[in-house]
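Below is the structure I would like to discuss, written out as structure tokens.
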Amino acid sequence: MEEAAAVWIRDDDEGWLPGVVKKVDDDQIEVDVVDDDGTTIEAITVPTQEIKRRDADAKPVDDLISLAVLHEPAILHALRRRYASGEIYTFNGAILIAVNPFRKLALYTDDILERYANRGLLHAQGVPQATLPPHVYTVADAAYRSMSEAITSNAKQGSQSVLISGESGAGKTETTKIVMRYLTVVGRGSSSENAVTDKVLRSNPILEAFGNARTVRNDNSSRFGKFIDLEFDDRGAMRGAAIDTYLLEKIRLPRHAQGERNFHVFYQLSATSNKDDAWRLPPSPATTCSYLKQGGVPSLDSMDDGKEFDTVVEALKALGVSDDDVKHVFALVAGLTHLGDVLFEFAVGDDGGGSHVEDRTVLDRAASLCGLDADKLLQAVTQRTVSARNESYTVRLVPQDACQARDAVAKALYGRLFAWLVRAINKGIQKNDFRKAASIGVLDIFGFECFSTNSFEQLCINYTNETLQQQFNRYVFKLEQEEYEREKIKWSFVEFPDNQDCLDLIEGTRKACPPDGGLLVMLDDECRLPRGSDANYAARILKSLKSHDRLQASKKQVVDGIFEVRHYAGPVPYVAQGFLEKNKDELPSDAVQLFKDTQGFLQDCCAAFDAE
């Protein structure tokens, strides 16, 4: 590195700072840190490996491929310059990078949408068009035009996919809604077909109410993953859709951290609890009910829970859900709210064990609203039937175990309700009266997470993101190589960042990750042991995988049962406590029988869950 060269200097607070080389001395370089005008702020000495060459004459670009120097500080600087000027979107070849502005922007008006739609239509017809600024509409339009072109040319593979990924709080949920709105607009057909596109958009507030929640990173964080398949006919008109969901974070129902909330629907119900006496909720449920008050966030500035409740009700009815079923849905939510307030105390008997309910009226109310038999519910949460060989006997549960059984029943009920809602939505948006020519799939997945305390659900989420990151890497380099071949540019294979070793650590078999397999394999093994425990699981990990490059743990972490995985996005410490219970996700046998004996609406919910 020569003197007077423009460079970037690594900085712990800012990431990278601009500078100018003042003096070079072996492996140390003296650099003047400068501001945007080139004025020296301070002089520092740094190791050679802490600096990168800077293009001092770089102009703002809307595609990172246009950068003369392409490395981390150059990319971050380009994104920062665009963000400062109100440009939150930047291309990186075929990939769009979005920086969350955390405020409403006038980028999604009907006029702007129409500009991109008209430009896409005319461009597809061969009419030369001016290039528009990077936008999520550009990606959505490219997917639609590619699909339409394939349909017109009778290509066998015309379907497209839009993958939306990023860390928690990056804006994935909002981006998914923007993509869906664009595709429903450009895919509108006749007036009867328009009703389908409207219903597709109506599904968003329902899924958000029952599947999203506030976390410490985001007021409207998706706590489940979803894949939306938008179906088009041979004219390119959207005629139907289907939604698949997975990994609903049911553990959030009984437990959520300080500063977070339960699923939105509980607070929406709380905000309108005076509308229906049948719910029999106490005053201010968001601050008094156990399942709602834990995080200490009864309301949000960014969301009006009362208005959102009305929107959800309207959406359910628009999708064809009957008035009676709408009442059943919210009665079940109210019942779960009451179930969280069912408390237990020791029942002193001949054996001095077991527990009983402190206030039977709370349990009776919860059972009635959920559609359960109160006596059978009481039995399911206060005792456990154990079968051994040809015999079975009953174990009475102490209060702590009874609370766990109560929470297990609550999670199971909510999972079945969510499954019913997804089925109801699909029933409203799926159509079988046309021939599907192609589809566009939109994947909205929860983002990479690293909180102060990370558990099994964070490992599942980050494992999913690791898999997507590998797919992303391979896709990007494959696209580049195909473009080189089209343009007849000579190239040699380039090794790209690979996280297969991290995937092996998490999911690997004993062959891929010797000697005992990866984290999930060992977890399943531990769950099968009669006396398996979280402590044993943590000890096995730290013993079997201690030499793995992607695993680390300090002495204190070892004592606390914590292991740290070096993910592609950074290291995440996981607390092993609770891993076995969450992985099993088991219902006590008495609770299983409880659900088998259900009738009416709850029976339909159980059937929807079993059909998944």
Side-chain angles (χ1 to χ4, degrees), residues 206 209-210 248 250 252-254 262-294 305-306 309-310 312-313 316-317 321-344 357-382 402-403 405-421 424 587 590-609:
I206 301 172
F210 290 85
L248 176 67
K250 293 180 291 185
R252 177 167 293 272
L253 179 64
N262 209 319
F263 295 103
H264 291 322
V265 66
F266 289 95
Y267 304 92
Q268 294 170 4
L269 194 76
S270 173
T272 56
S273 58
N274 59 344
K275 290 186 178 181
D276 197 330
D277 294 335
W279 297 335
R280 289 171 285 178
L281 293 172
S284 304
T287 58
T288 57
C289 294
S290 176
Y291 280 175
L292 278 66
K293 68 180 183 179
Q294 297 172 24
D305 290 316
F309 176 85
D310 294 336
V312 172
V313 172
L316 286 167
K317 293 180 177 179
V321 178
S322 67
D323 289 345
D324 284 344
D325 280 345
V326 170
K327 290 181 181 178
H328 289 316
V329 167
F330 291 107
L332 183 48
V333 175
L336 289 169
T337 303
H338 287 296
L339 186 57
D341 289 333
V342 174
L343 303 177
F344 306 89
V357 175
E358 287 186 7
D359 186 349
R360 176 63 190 255
T361 59
V362 179
L363 182 138
D364 289 342
R365 189 177 303 136
S368 174
L369 288 166
C370 291
L372 295 168
D373 181 277
D375 291 332
K376 291 180 179 178
L377 175 59
L378 177 63
Q379 178 180 321
V381 298
T382 57
C403 287
R406 174 204 63 197
D407 293 343
V409 170
K411 290 187 293 181
L413 281 168
Y414 196 75
R416 284 154 176 76
L417 172 61
F418 192 78
W420 183 91
L421 286 164
L587 265 178
D590 297 87
V592 172
Q593 187 60 46
L594 175 71
F595 289 130
K596 286 183 179 179
D597 296 338
T598 58
Q599 295 180 347
F601 177 74
L602 185 53
Q603 186 178 43
D604 292 340
C605 291
C606 292
F609 180 82

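The first residue in the sequence is number 1, and the count goes up from there.
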Tell me whether Q593 contacts the main-chain N or O of A380 through its side chain, where contact means a donor paired with an acceptor under 3.5 Å. no

Any donor-acceptor pair under 3.5 Å linking the side chain of H328 with the backbone of G371?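 Not at all, since once roles are kept as given, no pair shorter than 3.5 Å links the two residues.
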
Are the aromatic rings of F263 and F418 close, with centres under 6.0 Å apart?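 No, the ring of F263 stays outside the 6.0 Å limit from the ring of F418, centre to centre.
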
Min side-chain heavy-atom separation L281-H338 under 4.5 Å: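 Side-chain contact under 4.5 Å: yes.
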
Side chain to side chain, Y414 and L339, heavy atoms closer than 4.5 Å: no

In the structure I gave you, are the side-chain heavy atoms of W279 and T337 within less than 4.5 Å of one another anywhere? no

Are F595 and F609 near enough that their ring centres are under 6.0 Å apart?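 No, the ring of F595 stays outside the 6.0 Å limit from the ring of F609, centre to centre.
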
Note, W420 side chain near V321 side chain (heavy atom, < 4.5 Å): yes

I'd like to know if D604 and R416 make a salt bridge, using a cut-off of under 4.0 Å between side-chain N and carboxylate O. no

Side-chain donor or acceptor of D590 paired with backbone N/O of Q379 under 3.5 Å: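 Looks like no, no N/O pair under 3.5 Å.
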
Knowing that exactly one of L587, V381, L413, L377 qualifies, which makes a side chain to side chain contact (heavy atoms under 4.5 Å, CB included) with L594? L377

Going through the distances and angles, do T288 and K293 end up as a side-chain contact (heavy atoms from CB on, under 4.5 Å)? CA-CA 6 Å; T288 57; K293 68 180 183 179; 5.7 Å; no

side-chain contact (heavy atoms from CB on, under 4.5 Å) between D407 and K250, worked out: CA-CA 10 Å; D407 293 343; K250 293 180 291 185; over 6 Å; no

Before giving the answer on side-chain contact (heavy atoms from CB on, under 4.5 Å), spell out for V357 and V362 the whole-Å C-alpha distance, their side-chain angles and the decisive distance to 0.1 Å. CA-CA 9 Å; V357 175; V362 179; 6.0 Å; no

